[in-house]
Amino acid sequence: MSRHRVEVLIRPRPGLLDPEGKAIHHALASLGFQGVEEVRGGKSVSLEVEAKDPAEARERAEEMCRKLLANPVMEDYEIQMAGDDVPEGA
Amino acid sequence: MSRHRVEVLIRPRPGLLDPEGKAIHHALASLGFQGVEEVRGGKSVSLEVEAKDPAEARERAEEMCRKLLANPVMEDYEIQMAGDDVPEGA
Amino acid sequence: MKISVITFPGSNCDYDCYKALRDVVGVDAEFRWHKDRELGGADAVILPGGFSYGDYLRAGSIARFSPIMEKVVEFAADGGPVLGICNGFQILCEAGLLPGALLRNEGLTFQSHDVHLRVENAETLFTSGYQKGQVLRMPIAHGEGNYHADTETLSRLEGDGRIVFRYVNAEGETTPWANPNGSAHHIAGILNEPGNVLGMMPHPERAVEEILGSTDGLGIFTSLVEHLSATAPAPS
Amino acid sequence: MRHQERSGAEGAGPATGTETGRGEAPEPRPGDPEITPEVVDEHGLSPDEYDRVVEILGRTPTFTELGVFSAMWSEHCGYKNSKRLLRLLPTEAPWVIQGPGENAGVIDIGEGLALAFKIESHNHPSAVEPYQGAATGVGGILRDVFTMGARPVAVLNSLRFGDLDSGRVRYLFAGVVKGIGDYGNCVGIPNIGGEVHFDRGYEGNPLVNAMCLGLMKREDLIRGEAEGVGNVLMAVGARTGRDGIHGATFASEELSEDSEASRPQVQVGDPFTEKLLLEASLELIRSGHIVGIQDMGAAGLTSSASEMAGRSGSGVELDTARVPVREPGMTPYEILLSESQERMLVVAKKGREPQVREILERWELEAKAIGAVTDDGAFRVLEEGRVVADIPALPLTEGCPTYEREGVESPEVIGLRETDLTPYVDKETDLEEAFLELLSSPNIGSKRWIYEQYDTTVRTQTVVRPGGSAGVIRVRGTRKGIAATTDCNGRYTYLSPRRGAMIAVAEAARNLVCVGALPTAVTNNLNFGNPLKPEIYFQLREAVLGMAEACRLFETPVTGGNVSLYNETNGKAVYPTPVVGMVGVLEDIHRVTTHHFQEEGDVIVLLGGETHGALGGSEWLYVRHGQVAGDPPEVDLLEERRLQHGVLALIERGIVRSALDCSEGGLACALATAAVGEGEAPLGVDAEVEGKAGPVGLLFGEDQGRVLVSCRPGDEGELHRMAKNHGIAARRLGTVGGPRGMFTVRAGTAATADSIRVPVDEVAQVFFDAIPHRMKVVEASRPSSAST
Ligand SMILES: Nc1ncnc2c1ncn2[C@@H]1O[C@H](COP(=O)(O)OP(=O)(O)O)[C@@H](O)[C@H]1O
Ligand SMILES: [Mg+2]
């Protein structure tokens with residue numbers, strides 16, 4: 001058993017209204033940041049998970065997401081672990 | 001010029017009380033998730049940034065963080081871009 | 001004499017401040033829209049409570065970039081009195097006019113009820129009408145009022161007497177239960193270094209008439225008005 | 001959304017023919033599903049109803065038209081199963097300016113001012129996503145009020161959940177309260193009260209009803225009408241997304257081939273936009289640039305546009321391609337049925353669009369012309385100029401078939417009602433323990449955990465905050481005040497729907513007089529199960545009859561409300577819950593009275609009926625024996641009315657120092673509530689309850705028609721004299737004790753055997769900890785059965 005650092009990103013599902021993203025987008029624009037698109041606000045949770053290997057840690061984190069961290073009717077989640085590549089179009 | 005997807009993670013600064021993280025930790029424990037530690041709650045903002053290359057996109061995102069997205073009194077931020085390695089101890 | 005109340009999109013205590021000033025204190029007040037670029041010759045400025053820009057991202061983080069804030073910063077730099085209440089306090093911190101930041105309440109829930117405050121410094125232009133140690137009662141209503149600053153800042157605030165109000169119980173003691181949001185040092189309101197900018201989480205404008213349950217907030221406005229009358233240039 | 005049709009248009013004779021303005025039948029839209037019996041069924045229309053649609057149109061509907069009919073003829077908009085019953089409610093009085101049929105009811109409160117108010121449910125959305133469901137419920141009811149031209153000044157909420165020992169219930173409860181709080185707090189509307197009940201009868205189906213009150217000058221009243229040919233329809237506020245399309249009537253995968261992910265059903269609220277929309281709308285209404293305004297609520301653009309057309313008798317034509325959307329590729333069907341929040345439909349005077357746009361831009365909002373008022377009576381929808389729906393507006397909005405169904409009382413309920421409670425009473429051995437257990441029930445204990453999350457003092461007008469008998473606000477510029485309350489005991493209505501509904505009205509009125517307000521008018525929310533079941537229809541009919549009778553007697557007309565049916569999980573319905581939202585007027589705000597005892601030595605008096613010890617459907621029976629049974633308390637409406645007038649007179653005279661309605665938990669709990677007040681300075685009590693009943697009944701019986709008051713010792717004689725003149729009984733119970741004193745209540749004679757004796761500090765502790773100690777476990781357990 002060892003401890004694995006997991007980062008969970010939780011975002012509103014696409015298509016859902018995202019007032020926070022809208023407000024941030026608006027603020028960025030009025031601060032003069034042009035050419036910024038698709039601004040979405042979300043949550044993140046970082047944790048250290050005890051598991052025998054990274055795969056198991058990820059699996060446990062998945063379960064936490066399904067059970068608690070994300071609300072499936074509203075949110076999608078992404079699990080990141082050290083050494084992962086940040087995906088292209090998450 | 002092209003569009004680059006940037007993910008900004010915003011976390012309470014270490015040492016700062018993190019009641020949200022504590023609440024999540026507690027809830028996980030009461031759902032039976034043992035061996036979870038160092039739970040921290042945070043925010044995430046994802047955006048697409050127009051820039052000539054990833055380096056410039058990152059630089060622009062940095063500036064957004066300094067100006068608006070994070071408050072240095074209470075928050076740290078981390079910028080992720082597609083293809084990045086998720087760091088070990090962010 | 002005229003006091004400007006700034007309305008940001010999402011402000012919702014602007015009207016309450018305005019009514020308190022005009023109807024109860026009896027001083028001229030006017031609204032200023034966040035897009036205005038002038039303060040219109042105001043002698044003091046109030047940033048009222050509410051949810052400017054929905055409090056999205058962080059409370060006050062977007063409002064601080066409103067056009068009028070440039071003027072407010074200038075006004076404050078020139079020594080003009082600025083009072084930020086609740087969301088106004090949050091905006092002042094985000095704008096750097098006051099040190100520190102307001103985090104989410106420690107209990108994570110919105111807190112709306114009366115609190116007791118102890119006047120820690122009665123020698124400011126906002127509190128001259130009170131006695132040091134006096135206990136006031138007025139409502140709070142906020143989700144992000146947990147004052148935070150680094151240790152150094154806190155000890156500077158303490159040392160300079162810039163902690164103006166602290167949360168206490170009805171007997172005036174700083175018991176843990178008396179702190180509604182987890183604020184460092186029980187801080188409910190602080191002053192900037194020169195002493196002309198006050199930020200506070202509780203709502204004095206909601207405690208200005210007997211029928212509302214308390215008149216303890218009135219002193220802040222009357223102190224301010226007295227200060228302004230004393231410093232007003234003689235009419236030419 | 002409305003109670004009554006306008007003018008007997010229902011069943012509007014033979015359906016009007018096909019010939020509308022354009023005279024061209026819309027072509028099926030490429031990509032739309034074919035209209036098959038299955039598709040019709042999925043839209044919730046019966047074969048007969050579908051035949052009627054075909055008859056009205058004189059042809060087969062397009063897919064878009066089918067969606068429109070299905071939404072407008074859903075229970076929610078069309079009131080199929082309740083319309084005929086609702087007609088039984090009294091709706092008129094000289095002070096009623098606007099009765100049922102509009103976005104909100106409006107009454108005259110004198111001095112040129114009017115009060116708009118309405119209640120609405122968001123039960124189903126809250127079961128799926130408690131936070132957003134409840135939040136958007138508040139948003140919707142605020143819009144209903146400010147679209148009448150009134151500024152929202154107060155909100156209340158009426159909630160029902162299962163027992164708090166379930167993790168899922170705690171999750172729902174916490175989410176709902178936070179959702180209601182966050183939304184109202186952000187917009188800046190104070191909460192002044194509400195109610196909450198926890199009972200296994202609501203286990204699968206929480207009820208979330210939100211009520212809003214708004215004030216306006218009489219002349220600012222505006223109605224949701226589309227008048228004047230050539231006037232311009234404008235979509236205002238937030239953009240239209242795919243939110244809630246499923247919610248309208250059905251869940252179907254055939255809608256388009258998009259994956260589930262691209263068709264979210266959860267509506268997300270944006271209170272910040274709502275606040276801007278509120279300010280902009282009030283400014284618009286006062287500007288004179290518009291003739292009508294309506295919220296795009298349930299069934300969105302479809303219901304707002306067709307109802308505005310229906311009400312005025314004109315027609316409308318709009319083009320979905322001009323509606324600002326949040327996502328590309330939305331079909332007319334989706335645009336018409338979207339329930340995206342924070343949107344309004346405005347009818348601008350011809351040529352005034354720029355002025356309208358200017359006002360909205362100042363509030364950082366969009367306004368876009370999407371169509372115009374016509375004179376051909378049609379609800380016509382185009383997509384880039386091509387007709388996709390062309391429906392006669394009146395049969396669409398008012399022609400929904402209505403049904404009167406068979407109602408039969410469930411034998412199970414009859415059995416429960418006729419249960420003999422004596423064995424339970426005999427088993428009660430420890431009155432003090434029973435008392436403390438009752439006080440710590442979340443149904444009796446303080447609701448502070450809830451209303452501390454609601455801003456109650458913003459707008460600096462709240463005179464009585466939540467926690468008392470009813471919330472009170474002052475009316476600036478006058479001496480008047482407005483009081484409001486919501487009430488309904490679902491156990492009573494379950495055991496005896498008619499009597500339960502009467503009690504709900506009586507209790508609401510009692511709560512209002514306790515603060516010194518004259519009960520004036522009612523809005524109501526009928527939360528029931530599936531009306532196609534005879535036992536449910538029976539409940540609905542009986543409850544409406546009871547409510548009608550009581551409202552008639554108290555002269556509190558019903559000015560509007562909401563019907564929420566099909567509140568069932570796995571075939572099990574919630575208790576029938578006809579929530580009564582009642583408003584009252586205080587002529588002199590300085591006479592306002594609160595519920596807690598004021599001073600040591602004051603005399604405690606019980607006004608009104610005798611304590612017979614009514615334990616049917618009582619909290620005692622539930623808490624001590626887990627039973628919901630017996631005959632609910634009797635209610636004598638004439639006696640109630642007499643009592644209410646008496647209490648009002650005493651308050652107006654300034655004799656009464658506190659007044660509290662005596663209801664759930666009986667006299668013992670009422671005494672405790674009055675003793676602890678808001679918890680800052682609990683006062684002791686020394687009281688004795690007499691009557692024919694045994695000690696359990698005397699202490700915990702929920703007999704109606706009783707009000708607990710206190711007065712200065714010197715005023716006792718006058719109190720008795722006035723009570724006598726008003727024909728109401730007044731019994732001295734005892735005296736108020738000192739701070740931190742003893743809370744002593746004896747049942748029957750001075751024999752100490754049957755008494756409760758607890759330090760009042762302990763009483764306060766138990767009372768205020770009722771909800772917090774159950775919520776301490778930070779619960780967020782995700783609903784596994786999210787779809788109800
Ligand atoms: N959901 C709620 N929101 C706000 N206030 C509430 C809520 N539930 C209860 N309250 C307040 O708590 C107090 C007690 O409620 P309740 O026990 O229903 O009183 P009563 O029996 O007099 O109707 C009332 O002032 C009521 O307004
Ligand atoms: Mg009640």
Can you check side chain to side chain contact (heavy atoms under 4.5 Å, CB included) on D:D182 and C:F51, steps first, answer last?
-> CA-CA 10 Å; D:D182 283 359; C:F51 289 72; over 6 Å; no
Could you look at D:Q453 and say if it's the side chain, the backbone, both or neither that has a heavy atom under 4.5 Å from chain C?
-> both
How about C:T109 and D:K178: do any of their side-chain heavy atoms sit closer than 4.5 Å?
-> no
Can any side-chain N or O of C:N12 pair as donor or acceptor with the backbone N or O of D:C186 at less than 3.5 Å?
-> yes
Under 4.5 Å heavy-atom distance to chain D, tell me which part of C:E209 shows up: side chain, backbone, both or neither.
-> side chain
Cut-off 4.5 Å, heavy atoms of chain D, and the answer for C:Y56 is side chain
Residues of residues 87-97 of chain C near chain D, each having a heavy atom less than 4.5 Å away | none
Expected contact set for residues 127-139 of chain C against chain D at heavy-atom separation under 4.5 Å reads C:R137, C:P139
Residues in residues 166-176 of chain C that sit under 4.5 Å from chain D, counting heavy atoms only = none
Looking only at heavy atoms, the pair that brings C:S11 and D:K275 closest together is O-CE, 3.1 Å
Answer with side chain, backbone, both or neither: which region of D:I589 has an atom nearer than 4.5 Å to a non-hydrogen atom of chain C?
-> both
Positions in residues 27-38 of chain C that reach chain D, provided some heavy atom is under 4.5 Å away = C:W33, C:H34, C:K35
Chain C contact via D:T462 - side chain, backbone, both or neither, heavy atoms under 4.5 Å = backbone
Locate the shortest heavy-atom distance separating D:Y454 from C:S112; write the atom from each residue and the value.
-> O-OG, 2.7 Å
Between D:R474 and C:I211, is a side chain to side chain contact (heavy atoms under 4.5 Å, CB included) present by the stated rule, with each step listed?
-> CA-CA 9 Å; D:R474 63 166 163 177; C:I211 191 122; 4.0 Å; yes
Calculate, to the nearest 0.5 Å, the distance between atoms CG and NE2 belonging to D:N185 and C:H142 respectively.
-> 11.5 Å
When every non-hydrogen atom of C:G10 is compared with those of D:L276, the smallest separation belongs to N-CD2, 4.3 Å
Side chain / backbone / both / neither for D:V592 at chain C, heavy atoms under 4.5 Å | neither
Does the side chain of D:D455 reach to within under 4.5 Å of the side chain of C:R206, using non-hydrogen atoms?
-> yes
Most heavy-atom pairs under 4.5 angstrom with chain C, which of D:V187, D:T457, D:V177?
-> D:T457
Could you give me the CA-CA distance, side-chain angles and deciding distance for D:R465 and C:D114, then say whether side chain to side chain contact (heavy atoms under 4.5 Å, CB included) is met?
-> CA-CA 11 Å; D:R465 304 180 194 175; C:D114 281 356; 2.9 Å; yes
Max heavy-atom pairs within cutoff under 4.5 Å with chain C, candidates D:R362, D:E678, D:R476, D:Q461, goes to D:R476
